[in-house]
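Note that these values count all heavy atoms, side chains included, but never hydrogens, waters or copies made by symmetry. The structure presented is a predicted model; accordingly, all values stated were derived computationally and were not measured.
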Amino acid sequence: IAGRLRLDTNLTNLKSELLELIRLDGERLVSIDLKNSQPVLLAHLIEQSFKYMDAQNDENILEKNVICRASKNALSLLTEYIYLKENTNKLLTLKEIISIINVTKFSQKSTKNGHISYSLPGDLREFCELTKNGKFYERFASLLGSEGKKIYTRNEAKKILFLTLFSAHRYNPEEKKLLSKYYPSLVIWTNEFKRLSIAYNAGEGKTGAEIRERGNAQLAVLLQTIESGIFIDRLLARLLSEGFRVFTKHDSVLCKESDLSKVSDI
């Protein structure tokens with residue numbers, strides 16, 4: 001077991017080709033994966049950030065605690081604590097960091113009662129819809145290919161997204177510019193998240209480089225934390241308690257072929 005984000009076993013980093021050779025009770029192991037896991041989790045974070053900002057500006061919603069009910073499932077799953085301060089008790093929740101993200105950079109409209117309603121801009125809405133349908137990488141590759149420069153594969157589109165999301169917020173290579181061309185609000189949101197994370201890391205006696213490194217890595221750490229919360233704390237714990245012999249491999253569950261249907265249902 002390594003840290004709080006990952007559960008490492010001999011199967012965790014085993015190549016897929018070798019996984020085919022593994023047997024459990026004489027059966028081969030099959031993998032049940034969450035398709036484009038990190039983008040799916042990111043899309044959910046983005047949607048919740050807008051819902052949260054929208055709700056906190058509506059006094060009636062706050063009075064009725066609708067924000068708590070509406071966000072219960074998502075935020076109970078997503079508000080894993082972000083460790084921004086080492087060796088202290090000061091923890092920042094996702095709810096707190098999202099509440100100060102400057103979403104005024106995005107589209108908004110005023111309602112008749114003067115309430116400002118925050119709404120997802122078109123490119124973010126498309127990103128969220130495509131990731132939930134498991135089609136974002138293919139769509140992004142198609143958009144890149146439409147420029148006629150080269151044919152982009154799904155894996156190449158995936159690498160561009162990951163390079164953009166998990167690099168420093170001020171790092172702006174050509175790949176990031178390509179993503180920003182089609183999904184500008186996505187780049188703005190992730191940059192702002194990392195910028196704010198850097199600000200929260202300041203003042204603990206660390207060098208500027210250490211603060212920037214920790215802050216820029218915070219989004220990736222948060223998504224890994226959410227992923228482990230889903231697959232280890234929830235799925236693995238439940239499956240083991242129900243008597244299944246299973247393993248996790250980051251964003252997937254490995255089970256015996258005869259258990260595939262039942263494990264998939266869970």
Worksheet item: After noting the C-alpha distance and the side-chain angles of Phe231 and Leu236, does the key distance pass the side-chain contact (heavy atoms from CB on, under 4.5 Å) rule?
Response: CA-CA 6 Å; Phe231 284 90; Leu236 181 61; over 6 Å; no

Taking [Y] as the starting point, is it possible to reach [X] by hopping between hydrophobic residues whose side chains are less than 4.5 Å apart?
| X | Y | answer |
| --- | --- | --- |
| Leu240 | Ile32 | yes |
| Phe162 | Leu34 | yes |
| Ile232 | Val263 | yes |
| Ile160 | Leu219 | yes |
| Leu254 | Val246 | no |

Short side-chain to backbone donor-acceptor contact, [X] and [Y], under 3.5 Å:
| X | Y | result |
| --- | --- | --- |
| Asp33 | Ser252 | no |
| Asn36 | Thr131 | yes |
| Arg28 | Glu20 | no |
| Asn133 | Glu129 | yes |
| Thr190 | Val187 | yes |

Give a yes or no on whether a salt bridge exists between [X] and [Y], defined as a side-chain N under 4.0 angstrom from a carboxylate O.
| X | Y | value |
| --- | --- | --- |
| Lys132 | Glu47 | yes |
| Glu192 | Arg195 | yes |
| Arg238 | Glu242 | yes |
| Glu156 | Lys159 | no |

Discussion item. Is a donor from one side chain sitting under 3.5 angstrom from an acceptor on the other, for Thr153 and Asn155?
Written reply: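 The answer is no; no qualifying pair exists.
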
Between [Y] and [X], is there a side-chain heavy-atom distance shorter than 4.5 Å?
| X | Y | result |
| --- | --- | --- |
| Leu124 | Pro121 | yes |
| Leu165 | Leu223 | no |
| Cys255 | Val30 | yes |
| Gln38 | Glu227 | yes |
| Ser185 | Phe127 | no |
| Phe244 | Lys256 | no |
| Ile226 | Ile230 | yes |
| Glu27 | Ser258 | yes |

From [X] atom [atom1] to [Y] atom [atom2], the distance as rounded to the nearest 0.5 Å:
| X | Y | atom1 | atom2 | answer |
| --- | --- | --- | --- | --- |
| Tyr182 | Leu143 | OH | CG | 5.5 Å |
| Glu210 | Arg212 | CD | CZ | 10.0 Å |
| Lys176 | Leu163 | NZ | CG | 8.5 Å |
| Leu130 | Tyr137 | CG | OH | 12.0 Å |
| Leu29 | Leu260 | CG | CG | 11.5 Å |
| Leu239 | Ile266 | CG | CD1 | 5.0 Å |

Practice prompt. Could you check Leu178 against Tyr152 for side-chain contact (heavy atoms from CB on, under 4.5 Å), going step by step and ending with a plain yes or no?
Written response: CA-CA 12 Å; Leu178 282 174; Tyr152 285 84; 3.9 Å; yes

Practice prompt. Return the orientation label for the Phe136 and Phe140 ring planes: parallel under 30°, perpendicular over 60°, tilted otherwise.
Written response: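 Correct class here is parallel.
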
Specify the closest pair of heavy atoms between [X] and [Y], including all atoms of both residues, with the distance to one decimal.
| X | Y | answer |
| --- | --- | --- |
| Asp233 | Gly229 | CB-O, 3.3 Å |
| His169 | Asn216 | N-OD1, 2.9 Å |
| Leu161 | Leu186 | CD1-CD2, 4.1 Å |

Item to complete: Please test Leu11 against Thr248 for side-chain contact (heavy atoms from CB on, under 4.5 Å), starting from the C-alpha separation and ending with a verdict.
Response: CA-CA 8 Å; Leu11 295 174; Thr248 59; over 6 Å; no

Worksheet item: Should Phe193 and Leu222 be marked as a side-chain contact (heavy atoms from CB on, under 4.5 Å) after you check the CA-CA gap, both sets of side-chain angles, and the distance that decides it?
Response: CA-CA 11 Å; Phe193 189 102; Leu222 175 59; 3.6 Å; yes

Item to complete: Check the pair Lys135 / Glu138 against salt bridge (charged side-chain N to carboxylate O under 4.0 Å, His left out), numbers first and verdict last.
Response: CA-CA 6 Å; Lys135 298 178 180 179; Glu138 290 80 359; over 6 Å; no

Worksheet item: Would one find more than 12 heavy atoms of other residues, nucleotides or ligands at under 6.0 Å from atom CG of Asn10?
Response: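 No.
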
Item to complete: Please assess Glu175 against Thr164 for the test side-chain hydrogen bond (donor to acceptor under 3.5 Å, both in side chains), listing each intermediate value before the final yes or no.
Response: CA-CA 7 Å; Glu175 293 86 350; Thr164 300; over 6 Å; no

